[in-house]
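Comments concern the structure below.
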Amino acid sequence: MSPPTPRLRRALLVLTTALAALLCALAPLPAAPAAAAPDRDGPAGWTARPAGGGADRDARPYVYLEGTPGTALQDRLAVTNSGRAPLTVRLRGDGRAGAWIGFAADTVTVPARTRAEVPLALTVPADAVPGDASGEVVADDGDEEIRVPVRVRIGGPTLAALTVEDVEISGDTIRYALVNRGNAMLEPRLAVRADGMFGTLLDRPERPLPLELAPGRRVERTEPWPDAPALDAVTVRLRVTAPGGARDEAEASATYLPVAPVVGGGLLVLGGLALLGYGAYRRRRARRGDPEPPAATETGGAEPPDTETGGAEPPGAGPADDGQPTTETRPLVKAGPLVKAGAES
């Protein structure tokens, strides 16, 4: 059999390609992989916030209640479960106002894709001080918790009282403490002034502080003073104010001295005092006429003369005019050995 011609080979190739395309078209397409089923064991997400109504639903950022001591105030907490499985949360109160809250149910189960509203009641104690109180509602699903702020305005006379205490100057820092002595929430403002021996060193006008001071709360703060003097005696005055007429002032004093010059000056003063004391001692000895101590010679000091009673009288000496015997003294001669009386030479 003769080999196929080139034209026949091309025809066979075209026929094979067409047959393969026809088979591919007739074969069933493979099924697409099924989408993974969502995890239904836990919630996909949830929220807790103050309940609302109408167009402003869930718009409140916190629970706000007003009442007088001894009254019970009502509100609702909305728990929304956006997951595909039921959600169980536990509710509790935290903080001063949170301790006054009771829930219709401490544990709530919310079905999937459902919103539930839980009634709550806040009872203001009969002995509560008029003013502001704060706290939180805590919703916990075991893995995470959401905190909803609670603010309560207690009716009655409101007293705004603020004090600034424990002012202290430490290098380039001014330390102080603010205390809310009233029953209203305060937003304090602070002014600082420092005076030295030659005028004003620091004058900062009144400005708001970034804090809210609850009734009875004490906060310790610092005020930087980067350009504090190196040598001066200063007095720092702090003035605090708050809405409602709260106002107070306090001051502190300090002395700034450079360390190295002070130490050097002290040494100079001590040296000068020592020289003055020595000079006064020398002048006092000179006035009293005290002799100077004898100076030692190279061969030793002179020996004091010895005395001897009796012996020959010196020339020109005789008995006293009154006839009484006299005692003369003469120095001993140590040039040679002494000769005993009556000894023969």
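- Under 4.0 Å is where a charged nitrogen must lie from a carboxylate oxygen, and between E206 and R204 no such pair does.
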Carefully, step by step, assess R189 and R239 under the rule side-chain contact (heavy atoms from CB on, under 4.5 Å). CA-CA 8 Å; R189 301 174 64 89; R239 185 181 73 251; over 6 Å; no
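- V236 and L231 end up in different hydrophobic clusters when Ile, Leu, Val, Met, Phe, Trp and Tyr side chains are linked at under 4.5 Å.
- Taking the side chain as every heavy atom from C-beta outward, P157 and P130 approach each other to under 4.5 Å.
- In summary, R175 and D166 do not engage in a salt bridge, as defined by a charged side-chain N under 4.0 Å from a carboxylate O.
- Judged by distance alone, the side chain of R60 and the main-chain N or O of A51 form a donor-acceptor pair under 3.5 Å.
- Each of V110, T80, I146 was evaluated against W46; a single residue qualifies, I146, per the side-chain contact (heavy atoms from CB on, under 4.5 Å) test.
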Please report the C-alpha distance between T200 and D195 in whole Å, then the side-chain angles of each, then the deciding distance to 0.1 Å, and finally whether the side-chain hydrogen bond (donor to acceptor under 3.5 Å, both in side chains) criterion is met. CA-CA 4 Å; T200 302; D195 295 312; 3.0 Å; yes
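- Using a cut-off of 4.0 Å between Lys/Arg side-chain N and Asp/Glu carboxylate O, E251 and R237 are scored as salt-bridged.
- Closest heavy-atom contact between P61 and P149: O-CD, 3.8 Å.
- To the nearest 0.5 Å, atom OG1 of residue T255 and atom CE of residue M197 are 8.5 Å apart.
- No single ILVMFWY cluster, assembled from side-chain heavy atoms under 4.5 Å apart, contains both M185 and L162.
- Taking the side chain as every heavy atom from C-beta outward, Y176 and L238 approach each other to under 4.5 Å.
- The minimum heavy-atom distance between A133 and I154, with the atom names listed, is CB-CD1, 4.4 Å.
- Of the inter-residue distances, the one linking L213 atom CG with L186 atom CG reads 6.0 Å to the nearest 0.5 angstrom.
- Here the side chains of D94 and R147 are in contact, with some heavy-atom distance below 4.5 Å.
- Using a 4.5 Å cut-off on side-chain heavy atoms (C-beta onward), T68 and V124 make no contact.
- Under 3.5 Å, the side chains of T222 and T173 contain no donor-acceptor pair of N or O atoms.
- Salt bridge absent: R90 and E145 never bring a charged side-chain N and a carboxylate O closer than 4.0 Å.
- Ion pairing of E223 with R221 is absent here, as no side-chain N (NZ or NE/NH1/NH2) approaches a carboxylate O to less than 4.0 Å.
- D248 places a side-chain N or O within 3.5 Å of a backbone atom of V164 that can act as its donor or acceptor partner.
- Residues L202 and W225 form a side-chain contact, since some pair of their non-hydrogen atoms from C-beta on lies under 4.5 Å apart.
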Would L73 and T71 count as a side-chain contact (heavy atoms from CB on, under 4.5 Å) here? Give the steps. CA-CA 6 Å; L73 310 174; T71 59; 4.0 Å; yes
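- Atoms CZ and OG, on R217 and S134 in that order, are 9.0 Å from each other to the nearest 0.5 Å.
- Here the shortest heavy-atom pairing between L178 and P188 reads CD1-CG, 4.1 Å.
- Checked against side-chain hydrogen bond (donor to acceptor under 3.5 Å, both in side chains), T109 has the following partners two or more places apart in sequence or in another chain: T88.
- Formation of a donor-acceptor pair under 3.5 Å by the D172 side chain with backbone atoms of A228 is not found in this model.
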Working for side-chain contact (heavy atoms from CB on, under 4.5 Å), residues V152 and L122: CA-CA 9 Å; V152 183; L122 187 149; 3.6 Å; yes
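- Between V138 and L91 the shortest side-chain heavy-atom distance does not fall below 4.5 Å.
- No donor-acceptor pair closer than 3.5 Å links the side chain of N180 to the backbone N or O of G216.
- In this structure, R151 fails the cation-pi test against Y64, since its NZ or CZ atom is not both closer than 6.0 Å to the six-membered ring centre and inside 45 degrees of the ring normal.
- Looking only at side-chain heavy atoms (C-beta outward), L65 and W100 stay at 4.5 Å or farther from each other.
- Listed here is the closest heavy atom pair of F103 and G93: CE1-N, 4.0 Å.
- In the displayed structure, E136 atom CD is contacted under 6.0 Å by more than 12 heavy atoms of other residues, nucleotides or ligands.
- Between P69 and A128, the shortest heavy-atom distance links the atoms CG-O, 3.6 Å.
- The closest side-chain heavy-atom distance from V137 to I101 is below 4.5 Å.
- Minimum heavy-atom separation, G83 to A112: O-CB, 3.4 Å.
- Without hydrogens or angle criteria, N183 side chain to T158 main chain gives no donor-acceptor distance under 3.5 Å.
- Residues I174 and L211 are members of one and the same hydrophobic cluster, defined by side-chain heavy-atom contacts under 4.5 angstrom among Ile, Leu, Val, Met, Phe, Trp and Tyr.
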Stepwise side-chain hydrogen bond (donor to acceptor under 3.5 Å, both in side chains) check, S170 with E168: CA-CA 6 Å; S170 178; E168 179 184 349; 5.1 Å; no
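- No donor-acceptor distance shorter than 3.5 angstrom exists from the side chain of D232 to the backbone of V234, with no hydrogens or angles considered.
- Of the charged side-chain nitrogens involved, at least one lies within less than 4.0 Å of a carboxylate oxygen, so that R218 and E165 count as a salt-bridged pair.
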